[in-house]
Structure formats: structure tokens, C-alpha cells
J.: 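Below: one structure in C-alpha cells.
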Amino acid sequence: MIIKALKEPERDRKKVKNVAHDGNLTLDQITDIAKALRAKSGAREMSGTMKEVLGTARSVGCTVNGMAPQDIIGQINSGELTIEPYEVVEAS
């Protein structure tokens with residue numbers, strides 16, 4: 001979902017290897033991705049799901065709001081950045 005949010009063109013995965021994904025995402029885009037993945041996440045809180053998505057963004061190689069994703073994870077851990085709780089409503 002992160003690569004889709006970067007709006008990169010499709011590639012042939014058998015022929016094109018080691019692609020650098022060096023785009024920039026906003027924190028709102030990361031939040032939307034985390035909300036979509038919240039049901040599958042093993043985290044107890046939304047901040048944990050955000051950290052999972054930010055870790056994936058770090059491994060992909062993109063930045064978030066012009067900063068390294070690891071710096072934003074540090075802000076979440078220190079309490080500088082608060083994440084609103086979000087719970088998935090199960091369809092019954």
C-alpha cells in the first residue's frame with residue numbers, strides 16, 4: 001500500500017530488481033494506510049499499527065513529511081506526536 005501511495009509505475013518484478021523508492025508521503029497518507037491495515041495488525045493500539053506502517057516505509061526507503069520514518073516513531077514513543085485511537089468495526 002505504501003508503494004501504491006507513492007504512485008510509482010508498474011514494473012516487471014522478474015526483470016527489474018533493486019528499485020529505490022525515494023518518494024515522500026504525508027502523515028495523513030500513513031494514517032489512512034494504518035486504518036486500512038488495522039484489522040490485520042497484531043498491535044493493541046492504533047499507535048502500534050502506525051509504527052508498523054512507518055517501519056515498512058523505512059524499509060521501502062521513502063520519507064514521511066520530509067523526515068525519516070524512524071524519527072516519527074521516536075516522536076510517537078516520546079509522546080510528542082499523539083495518535084488518535086481507531087478501532088475497526090466488525091461487520092456482523
Side-chain angles (χ1 to χ4, degrees):
M1 294 181 88
I2 290 175
I3 295 173
K4 285 183 184 178
L6 288 171
K7 296 184 176 95
E8 293 191 354
E10 290 290 322
R11 65 181 175 93
D12 186 357
R13 292 188 174 141
K14 291 187 178 185
K15 294 179 181 175
V16 181
K17 301 288 182 184
N18 300 324
V19 176
H21 306 283
D22 57 352
N24 186 37
L25 296 174
T26 64
L27 195 58
D28 291 334
Q29 288 174 311
I30 295 291
T31 304
D32 292 340
I33 293 169
K35 285 179 180 180
L37 296 177
R38 183 71 182 116
K40 294 187 224 176
S41 173
R44 283 189 258 157
E45 298 177 359
M46 181 63 178
S47 61
T49 307
M50 286 283 289
K51 291 179 198 177
E52 288 177 2
V53 174
L54 286 166
T56 304
R58 179 176 184 238
S59 66
V60 165
C62 65
T63 58
V64 179
N65 286 346
M67 299 170 52
Q70 193 64 29
D71 296 339
I72 295 177
I73 291 174
Q75 288 178 355
I76 293 171
N77 290 339
S78 68
E80 292 177 44
L81 184 65
T82 57
I83 305 298
E84 296 295 322
Y86 178 80
E87 295 303 322
V88 177
V89 178
E90 296 290 327
S92 52

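All values below come from the heavy atoms of this structure, side chains included, with hydrogens, waters and symmetry mates left out. Just so you know, residue 1 is the first one in the sequence shown, and it goes up from there.
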J.: Do the non-hydrogen side-chain atoms of Val64 and Thr26 ever get within less than 4.5 Å of each other?
T.: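 Heavy-atom side-chain distance check fails, nothing below 4.5 Å.
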J.: As an exercise, state the distance from CD of Glu52 to CZ of Arg38, rounded to the nearest 0.5 Å.
T.: 8.5 Å
J.: With Asn24, which residues qualify under side chain to side chain contact (heavy atoms under 4.5 Å, CB included), at least two apart?
T.: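 Asn24 satisfies side chain to side chain contact (heavy atoms under 4.5 Å, CB included) with Thr63 only.
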J.: List the residues meeting side chain to side chain donor-acceptor pair (under 3.5 Å) with Asn77, not counting sequence neighbours, and say none if there are none.
T.: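 For Asn77 the side chain to side chain donor-acceptor pair (under 3.5 Å) partners, ignoring immediate neighbours, are Lys51.
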J.: I need the minimum non-hydrogen distance between Ala34 and Met50, along with the two atoms involved.
T.: CB-SD, 3.7 Å
J.: Kindly compute the distance separating CG (Leu54) from CD1 (Ile73), expressed to the nearest 0.5 Å.
T.: 5.0 Å
J.: Which atom names give the shortest non-hydrogen contact between Ser59 and Thr56, and what distance separates them?
T.: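 What the structure gives for the nearest pair is OG-O, 2.9 Å.
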J.: Do Gln75 and Asp71 have side chains that get closer than 4.5 Å, going by heavy atoms?
T.: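 They are not in contact (no side-chain heavy atoms under 4.5 Å apart), so the answer is no.
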J.: Do Thr31 and Ile83 have side-chain heavy atoms sitting under 4.5 Å apart?
T.: no
J.: Closest approach of Met46 and Glu84, non-hydrogen atoms and distance?
T.: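 Nearest pair, atom of Met46 first, then Glu84: CG-O, 3.5 Å.
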J.: So how far is it from Thr82 OG1 to Ile76 CD1, rounded to the nearest 0.5 Å?
T.: 9.5 Å
J.: Side chain to side chain donor-acceptor pair (under 3.5 Å) with Glu80: which residues, sequence neighbours excluded?
T.: Ser78
J.: Nearest 0.5 angstrom please: Thr49 OG1 to Ile30 CD1, how far?
T.: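 Interatomic distance, Thr49 OG1 to Ile30 CD1, rounded to 0.5 Å: 12.5 Å.
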J.: What heavy-atom pair brings Cys62 and Gly23 nearest, and what distance separates the two atoms?
T.: CB-O, 3.3 Å
